[in-house]
Amino acid sequence: MCGIVGYIGKKCDLKKDLINDLKTLEYRGYDSSGIAIYDGNMKIVKTKGKIENLEASLKNVDIANSQLGIAHTRWATHGEANDINSHPHRVGCVTLVHNGIIENYVELKEKLIKKGYHFVSDTDTEVITALLDDIKKSEEDNVKAINKMTLELEGSYALGIIFDDDYDHLYAIRKDSPLIVGICNGCNLIASDVTAIIEHTKKYMLINDYEIVKLSKDKVEIFDRNLKNVKKDILEVSWDINQAKKNGFSHFMLKEIHDEPTVLKDTISEYIKDVNTLINKMPDLSKYNKIHIVACGSAMHAGLVGKSVIEEYANIPVTVELASEYRYKKNFYDKKTLVIFISQSGETADTIAALRNVKKDKIDTLAIVNVVGSTIAREADRVLYIRAGVEIAVATTKAYMLQVAMLILIALNIAYVNKSMNEEEVSKVLKEFKKIPKFVNEIILREKECFEIAKEISSQEDVFFLGRGVDYALSMEGSLKLKEISYIHSEAYPAGELKHGTISLIEDGTVVIGIMSKDKLAPKLLSNVKETLARGAKILIIMTEDLDMDFDFDCHKFVINKVNDILQPILIVVPLQLIAFEVARQRGCDIDKPRNLAKSVTVE
Ligand code: F6R
């Protein structure tokens with residue numbers, strides 16, 4: 001989604017810095033970008049497409065030494081991706097950048113047109129800019145003007161604002177869209193997330209809804225809705241700048257898959273020393289007899305693995321729902337229900353909205369989040385951080401794996417507390433858990449095998465993933481990973497369901513990937529796979545080493561170590577990620593920034 005960054009203060013080359021910072025926000029997803037720098041005159045340059053286009057356009061613009069600028073990557077919502085719709089927008093005395101969606105912009109636009117405003121873009125952002133300019137005609141004080149504007153806006157926004165009557169300050173505000181303030185020596189910044197400030201400083205402040213930021217080069221002032229000064233804690237980014245670099249890998253996605261053994265080990269070590277450690281470190285979840293898991297995309301797929309292991313081992317019914325549906329439907333929960341929200345970014349708009357609904361009903365919430373201090377982490381009653389480190393590739397890999405690992409720990413914790421598993425059984429799993437990072441590493445080293453399998457897939461138009469039980473949940477993630485980065489159409493099916501309709505799509509050469517990790521279900525899966533073979537499908541199998549199966553046909557097999565069933569999903573997911581990566585690489589796709597996608601989906 002859109003990314004914003006803004007500077008005020010001493011900079012030798014503001015143009016270069018803003019461009020570099022925009023590049024660090026590229027991973028959020030965008031289709032155009034723009035920059036506004038005040039160097040005695042307001043210079044605005046905006047271009048469709050990659051930031052390189054913006055850089056090229058900027059070469060022709062003379063920009064003198066400057067201390068004030070805002071920049072933006074736009075992910076089109078209102079109006080196509082073109083130069084005019086790109087941000088910054090400028091109307092009258094106001095120049096601004098915006099992340100979010102204004103829901104009542106049509107009404108506001110009509111009112112402003114009646115007042116004589118003329119609009120050149122299709123965006124809701126230009127409407128905000130005009131609205132603020134209009135308010136400024138009767139309100140001199142910029143903080144008060146921004147506050148008045150919020151009374152008229154419906155929707156979500158993080159704004160970086162420059163007023164023509166005050167080039168000594170940079171202003172910002174947020175509602176339901178992420179915004180932070182970075183604090184440096186001799187300059188201050190605003191940004192959508194910490195990756196944009198980390199080159200300059202590790203010190204930052206989190207901004208809450210409706211808080212108005214007024215920055216000068218050496219002062220940070222923050223006001224609440226009553227225009228009272230707010231005192232903020234200064235936080236420190238815990239990760240290093242190197243984590244946001246490729247460090248020799250061709251792509252961030254590959255680097256992040258290679259990070260998995262380390263981050264998995266670091267995160268689980270805190271919990272798996274022994275049963276007592278697990279129980280003491282995990283929140284007490286003994287009172288719940290029902291769990292809802294709410295999330296989007298891959299995080300929802302991790303939730304499906306969680307459902308499988310929590311139901312099987314902890315004996316508690318779990319429903320998994322997409323946040324975009326859950327937020328608008330009737331949900332059946334009570335005081336003994338725990339609602340778990342899973343989100344890598346902690347800023348996904350639908351997940352935040354669903355969380356707020358549940359909190360309004362005073363139902364207990366637990367968040368599984370990666371980004372420390374993000375909205376979901378702050379607003380849930382309790383939070384378990386997965387600590388995957390910064391994830392830059394749009395397609396999640398290491399964060400998904402750690403979400404699954406955290407849900408397995410939750411299952412073990414509840415299973416022990418409600419006596420579905422005894423101490424000896426839990427201890428046995430924890431002991432084996434310690435070996436899992438090493439096994440993950442061994443699978444990652446089998447990149448070449450994945451390359452061979454990928455060759456079978458990369459010229460396909462359709463790929464089907466089949467699984468049963470937890471393997472179906474994993475198939476869904478394998479399928480999403482493949483389609484989002486390689487643009488090959490793909491579907492995941494519970495293997496037994498295929499013949500109820502979808503098998504009509506199988507034809508000569510269609511690739512079917514079967515996942516088998518459970519001895520009870522493997523023969524059933526094999527029969528379903530053979531049904532597709534009989535219709536000409538090309539079969540690939542991902543299976544565990546223990547399965548004694550009679551394959552009377554030729555197929556690629558990727559065989560994985562057998563570990564305790566509850567831990568097996570963590571290993572299965574590795575070849576799924578690597579195969580998707582290799583297919584996309586062979587097809588020459590933009591793997592880290594797939595078309596139309598955004599890392600952090602901050603609009604509904
Ligand atoms: C797919 C992917 C997305 C995210 C989804 C939720 O690879 O990354 O499907 O899982 O957008 O994002 P978070 O976890 O940030 O809430």
Side-chain angles (χ1 to χ4, degrees), residues 1 3 5 19-31 33 50-52 73 75 191-199 237-264 266-267 297-299 343-348 370-372 374 386-403 440-441 443-445 447 450-451 454 477-478 480-487 573-601:
M1 298 275 115
V5 62
I19 289 285
N20 283 344
D21 296 340
L22 279 187
K23 284 185 178 166
T24 67
L25 291 172
E26 271 189 306
Y27 81 104
R28 295 171 67 86
Y30 73 105
D31 35 44
S33 59
K50 296 279 173 205
I51 292 172
E52 285 71 26
T73 47
W75 189 84
S192 298
D193 66 49
V194 289
T195 45
I197 63 159
I198 189 91
E199 283 276 3
V237 183
S238 58
W239 48 271
D240 197 72
I241 180 75
N242 284 327
Q243 278 197 35
K245 297 202 164 138
K246 285 188 199 151
N247 296 336
F249 287 94
S250 59
H251 297 81
F252 278 111
M253 182 175 174
L254 190 61
K255 180 214 166 232
E256 285 156 11
I257 294 172
H258 279 259
D259 283 345
E260 285 174 348
T262 312
V263 290
L264 178 64
D266 291 350
T267 298
S298 292
S343 177
Q344 186 285 127
S345 62
E347 299 294 351
T348 302
N370 190 33
V371 177
V372 175
S374 55
I386 57 169
R387 301 193 194 282
V390 63
E391 197 179 58
I392 304 281
V394 165
T396 181
T397 51
K398 58 179 178 172
Y400 168 84
M401 178 182 281
L402 290 191
Q403 288 162 353
V440 169
N441 195 41
I443 298 173
I444 292 171
L445 296 177
E447 270 170 27
C450 296
F451 182 79
E477 178 58 8
L480 177 63
K481 216 80 312 177
L482 180 71
K483 75 180 115 185
E484 68 180 331
I485 61 169
S486 75
Y487 314 144
V573 78
V574 184
L576 294 174
Q577 295 173 344
L578 282 171
I579 291 168
F581 173 81
E582 284 294 349
V583 171
R585 175 147 75 178
Q586 287 172 25
R587 286 166 68 91
C589 297
D590 188 357
I591 297 179
D592 288 334
K593 288 169 267 157
R595 67 183 179 213
N596 306 335
L597 291 184
K599 181 72 182 162
S600 181
V601 184

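Here the structure is a predicted model, which means the values were calculated and not measured.
From D592, atom CG reaches atom NZ of K246 across 6.0 Å, with rounding to the nearest 0.5 Å. Put simply, CD1 on I444 and SG on C450 are 10.0 Å apart, with the number rounded to the nearest 0.5 Å. Atom OH of Y400 and atom CG of L576 lie 8.0 Å apart (nearest 0.5 Å). Atom CG of D193 and atom CG of L25 lie 5.5 Å apart (nearest 0.5 Å). To the nearest 0.5 Å, atom CD1 of residue I386 and atom CG of residue L264 are 10.5 Å apart. Taking CG of N441 as the start and OG1 of T262 as the end, the distance is 7.5 Å to the nearest 0.5 Å.
For the pair N370 (side chain) and G389 (backbone), a donor-acceptor distance under 3.5 Å is present. Judged by distance alone, with hydrogens and angles left aside, the side-chain atoms of T73 form no donor-acceptor pair with the main-chain N or O of E26 at under 3.5 Å. One N or O on the side chain of E391 and one on the backbone of T397 form a donor-acceptor pair closer than 3.5 Å. A donor-acceptor pair is defined here as one N or O able to donate and one able to accept, closer than 3.5 Å; such a pair exists between the side chain of E256 and the backbone of I392. Side-chain atoms of Y487 never come within 3.5 Å of backbone atoms of C589 as a donor-acceptor pair (strictly under, hydrogens ignored). With hydrogens and angles disregarded, a donor-acceptor distance shorter than 3.5 Å links the side chain of Q586 to the backbone of F451. Remark: the backbone N or O of N596 is paired with a side-chain donor or acceptor of W75 at under 3.5 angstrom.
Between K481 and M253, some side-chain heavy-atom pair lies under the 4.5 Å cut-off. Counting heavy atoms from C-beta on, the side chains of M401 and V574 come closer than 4.5 Å. Counting only heavy atoms from C-beta outward, the side chains of T195 and V390 approach each other to under 4.5 Å. Within the 4.5 Å cutoff, the side chain of V263 has no heavy atoms near those of the R387 side chain. Side-chain contact check for L578 versus L254: some heavy-atom pair is nearer than 4.5 Å. Annotation: side chain of I51 is in contact with side chain of S33 (closest heavy-atom distance under 4.5 Å). Between E484 and L597 the shortest side-chain heavy-atom distance falls below 4.5 Å. A 4.5 Å side-chain heavy-atom check between K599 and T396 finds at least one atom pair inside the cut-off.
Contact detail for I591 and P594: the closest heavy-atom pair is O-CD, 3.5 Å. When all heavy atoms of S345 and V371 are compared, the pair lying nearest together is O-CB, 3.4 Å. The shortest heavy-atom contact between A388 and A399 is CB-CA, 4.1 Å. Between S374 and G346 the shortest heavy-atom distance is OG-CA, 3.3 Å. Heavy-atom minimum distance, S343 versus Q403: C-NE2, 4.0 Å.
By the salt bridge (Lys or Arg N to Asp or Glu O under 4.0 Å) test, R585 pairs with E582, sequence neighbours left out.
By the 30° and 60° cut-offs, the orientation of the rings of F581 relative to H251 is perpendicular.
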Query raised in the report: Is there a salt bridge (charged side-chain N to carboxylate O under 4.0 Å, His left out) between D590 and K50 once you walk through the steps?
Result: CA-CA 12 Å; D590 188 357; K50 296 279 173 205; 3.3 Å; yes

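With hydrogens and angles left out, the side-chain atoms of S298 and E477 include a donor and acceptor closer than 3.5 Å.
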